[in-house]
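Residue indices begin at 1 and follow the sequence shown.
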Amino acid sequence: MRGPAGHRPGGETIFRVYMCREASGEGRIDRHRMINTVLARELENGVHALALHASALGNPGSAQ
């Protein structure tokens, strides 16, 4: 993956994650925690940027 200006090959990584699931009562923070759990091994090695877009179906205002 090619990074932004100043990016070092072999350096930190950039993630952009989109998650949309059926509403089951969890809030935005809970959805972000689910993503962090799935990415735990990748996150251990350092992250340059992590953008999370987590929404629940049927709840269009939750897309953050």
**Prompt:** Mind checking whether Val17 and Val47 sit in one hydrophobic cluster, side chains of I, L, V, M, F, W, Y counted as touching below 4.5 Å?
**Reply:**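 Yes; tracing contacts between hydrophobic side chains, which count when under 4.5 Å, links both residues.
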
**Prompt:** Are Val38 and Met19 in one and the same hydrophobic cluster, where Ile, Leu, Val, Met, Phe, Trp and Tyr link if side-chain heavy atoms are under 4.5 Å apart?
**Reply:** no

**Request:** State, with a plain yes or no, whether a side-chain heavy atom of Leu43 is found less than 4.5 Å away from one of Leu50.
**Result:** yes

**Asked** Shortest non-hydrogen contact from Arg31 to Ala56?
**Response**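 Closest approach of Arg31 to Ala56: NH1-CB, 3.9 Å.
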
**Prompt:** Partners of Ala51 by side chain to side chain contact (heavy atoms under 4.5 Å, CB included), sequence neighbours excluded?
**Reply:**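 Side chain to side chain contact (heavy atoms under 4.5 Å, CB included) list for Ala51, sorted by chain: Arg16, His53.
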
**Item:** side chain to side chain donor-acceptor pair (under 3.5 Å) partners of Arg21, counting only residues at least two apart
**Value:**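 By the side chain to side chain donor-acceptor pair (under 3.5 Å) rule, Arg21 matches Ser24, Glu26.
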
